[in-house]
Protein chains: 2
Amino acid sequence: MSIAVSIVEDDARVRASLARLIDGSSGYRCVSNHSSAEDALREIPKFRPDVVLMDINLPGANGVECVRQLKPQLPGTQVIMLTVYQNTEHIFNALAAGATGYMLKQTPPPELLSAIKEVHAGGSPMSGHIARKIVQSFQHAAPVSAEAQSLSPREAEVLELLAKGFLYKEIAEQMKVSYATVHTHIRHIYEKLHVRSRTEAVAKHLGQKQPRHEFAPRI
Amino acid sequence: MSIAVSIVEDDARVRASLARLIDGSSGYRCVSNHSSAEDALREIPKFRPDVVLMDINLPGANGVECVRQLKPQLPGTQVIMLTVYQNTEHIFNALAAGATGYMLKQTPPPELLSAIKEVHAGGSPMSGHIARKIVQSFQHAAPVSAEAQSLSPREAEVLELLAKGFLYKEIAEQMKVSYATVHTHIRHIYEKLHVRSRTEAVAKHLGQKQPRHEFAPRI
DNA sequence: ACCCACATCCCCAGAACTGGCGATGGCAAA
DNA sequence: TTTGCCATCGCCAGTTCTGGGGATGTGGGT
């Protein structure tokens, strides 16, 4: 069975040429196309396409918002953003809204077709530089500090449990050591991390483990 | 100029066949190969390859650690993890450590070659399902829990300070209220969040702000 | 052989936290 | 107006942490 594709794109010429590309390729069929987010939201659920190609820059509501509202209705449908925007803001917002692929409009037709195939097969096609930007968002992750490194294995284990809110005696039980030992480990952890309380230690610990995507839009 | 590739892989047969693949393809050359992280760390900087193919499962130190130490020395070198591990833990750690690509070992040779080319061209090649997992990490948009929502403004303020490790009395000073008030706020916070200690509350709080590995940008 | 980090255990005292019991006033919704 | 939440304040008892002081034994280096 061919892959059913819907197109959301306001430029009529681009829309038509995309439709032609898809309908003209075996294994693909274009089931609908839409020139606005409103139309897409109203019509696409009826067609239940496998894949949606979505422009970001639409008149009225934008494509990202459109994806956000469409996706819950069609969880099985994969959305590929197809746009000229390369800035991280747009990329991350689109992915967070539920898009699974992100291709630039300059993508040559054969690659676009294989992107459609790929997203349908469970992948996440992205143009090269887009992928790189996404990967980089993981790299500003807090480098495990020298401080944290210096924790002994046992100490790290204690800190892990500390972070989960266990009491000293609960930690002692779980680690099968005495309360006194836990106490000693914790004193050493505090010294090494230069903190004076459990909470500071945990904050430091979580701050390392849970790097934040620096783009994360503030509420 | 062909792309210079180094290989880090403990299995001699796999290593040899990768080297053969690379050296046998025009546009690529294998400049070195290494069977351990230690060897790789010592030798690779001398070769300054364009791309490193790195196994995760190495004897002694693991590949992720190896990338973490190698990358600062060779910022221009792109590392592709080449592994059997598909779990998010490994993927995210590898990317955070500085890898720019993540391919499964089952990848067919032609795709591996184009992955090398892609990473060298500024992209981030990833096996389909890997890419999807990465994208999904953006999608579990932290549905700011009802619990956290129910905190009153003042309580949220206290929690914020609590998370920074301040003592009750320090919080009292900063908020210009009495110790007793802070105490009351905190009791309410605990009730609402269903926790029994400062640390649990903070963990919950940080867990929302900086969601775990399935990190999610908040919208 | 010596030192050092690690892991394990112990005691103690003071500080900080937790969780009850209150109370007052304001403000907003039912 | 009554009910509810919020913010503010208080007391008290018990528990838990924090930070000192030890101690022992193991194992790796020098």
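Labels below follow one simple rule: chain letters A, B, ... track the order of the sequence lines, proteins then strands, and each chain is numbered from 1.
The aromatic rings of A/Y168 and A/H183 sit tilted, their planes meeting at an angle between 30° and 60°.
Residue contacts for B/H188: at a heavy-atom cut-off of 4.0 Å it reaches no nucleic acid atom on any strand shown. Residue-level contact check: B/T184 touches the bases, meaning some heavy atom is under 4.0 Å from a base atom. Counting any heavy atom pair closer than 4.0 Å across all strands shown, A/R187 reaches a base atom.
Looking at B/K133 and B/M126, their side chains never come closer than 4.5 Å, going by heavy atoms from C-beta outward.
Looking at every heavy atom in both residues, B/S6 comes nearest to B/I44 through CB-CD1, 4.1 Å. Residue A/V119 comes nearest to A/V51 through the heavy atom pair CG1-CG2, 3.7 Å, listed as atom of the first residue, atom of the second, then distance. The heavy-atom pair separating A/R15 from A/S35 by the smallest distance is NH1-CB, 3.3 Å. The heavy-atom pair separating B/L21 from B/P109 by the smallest distance is CD1-CB, 3.7 Å. Contact between B/K71 and B/T77 at its shortest, heavy atoms only, is NZ-O, 2.6 Å.
Between A/L193 atom CG and D/dG19 atom P the separation is 12 Å, expressed in whole Å. The CD1-P distance, from B/I189 to C/dG19, rounds to 13 Å in whole Å. The interatomic distance linking B/E191 (CD) with C/dC21 (C1') rounds to 13 Å, in whole Å. Atom C1' of nucleotide C/dT8 and atom CD1 of A/I186 are separated by 14 Å, given to the nearest angstrom. Rounded to whole Å, atom P of D/dC5 lies 16 Å from atom NE2 of B/H185. If you take CZ of A/R198 and C1' of C/dA15, they are 16 Å apart, rounded to a whole angstrom.
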Atom pairs, N/O to N/O, protein against nucleotides 2-4 of chain C, distance under 3.5 Å?
none

Would you tabulate the pairs of protein nitrogen or oxygen atoms and nucleotide nitrogen or oxygen atoms of nucleotides 28-30 of chain C closer than 3.5 angstrom?
none

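OP1 or OP2 of D/dC6 has at least one side-chain nitrogen or oxygen of B/K192 nearer than 4.0 Å. Contact annotation: A/Y190 does not reach the phosphate of D/dG19 (side-chain N/O to OP1 or OP2, under 4.0 Å). Contact check, B/T181 against D/dC9: a side-chain N or O comes under 4.0 Å of OP1 or OP2. Phosphate proximity of C/dC6 to A/S152: absent, as no side-chain N or O sits under 4.0 Å from OP1 or OP2.
Side-chain polar atoms of A/T181 and A/S178 form a donor-acceptor pair below 3.5 angstrom. Counted by atom type alone, B/H34 and B/S32 present one or more donor-acceptor pairs between their side chains at under 3.5 Å.
Comparing B/R154 and B/H183 by the nucleotide of DNA chain D that holds the closest heavy atom to each, the one mapping nearer the 5' end is B/R154.
The only member of B/T83, B/V67, B/V64 that meets side chain to side chain contact (heavy atoms under 4.5 Å, CB included) when paired with B/M54 is B/V67.
For residues 161-180 of chain A, proximity to DNA chain C is found at A/V177, A/S178, A/A180, defined as any non-hydrogen atom under 4.0 angstrom from a strand atom.
Residue B/K117 qualifies as open at atom NZ: its count of foreign heavy atoms under 6.0 Å is 12 or below.
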Query - Audit row: B/H90, B/N93, side chain to side chain donor-acceptor pair (under 3.5 Å) steps and yes/no - result: CA-CA 5 Å; B/H90 277 113; B/N93 285 340; over 6 Å; no
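B/K105 and B/D55 are joined by a salt bridge, as a carboxylate oxygen and a charged side-chain nitrogen come within less than 4.0 angstrom of each other.
Taken from CD in B/E157 to CD1 in B/I189, the straight-line distance is 10.5 Å, to the nearest 0.5 Å. Considering CG of B/L162 and CD of B/E155, their distance stands at 12.0 Å, rounded to 0.5 Å. Here the CD atom belonging to A/E38 is positioned 8.5 Å from the CG atom belonging to A/L58, to the nearest 0.5 angstrom.
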Report summary line: With sugar-phosphate taken as primed atoms, P, OP1 and OP2 and all else as base, the protein-contact string of nucleotides 24-30 of chain D at under 4.0 Å (heavy atoms; B, S, -) is -------
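Under the ring pair (Phe, Tyr, Trp, His ring centres under 6.0 Å) criterion, no residue pair touches residues 53-76 of chain A, with sequence neighbours excluded.
Axis angle, first five pairs versus last five pairs of the helix from C/dA1-D/dT30 to C/dA30-D/dT1: 40°, rounded to 10°.
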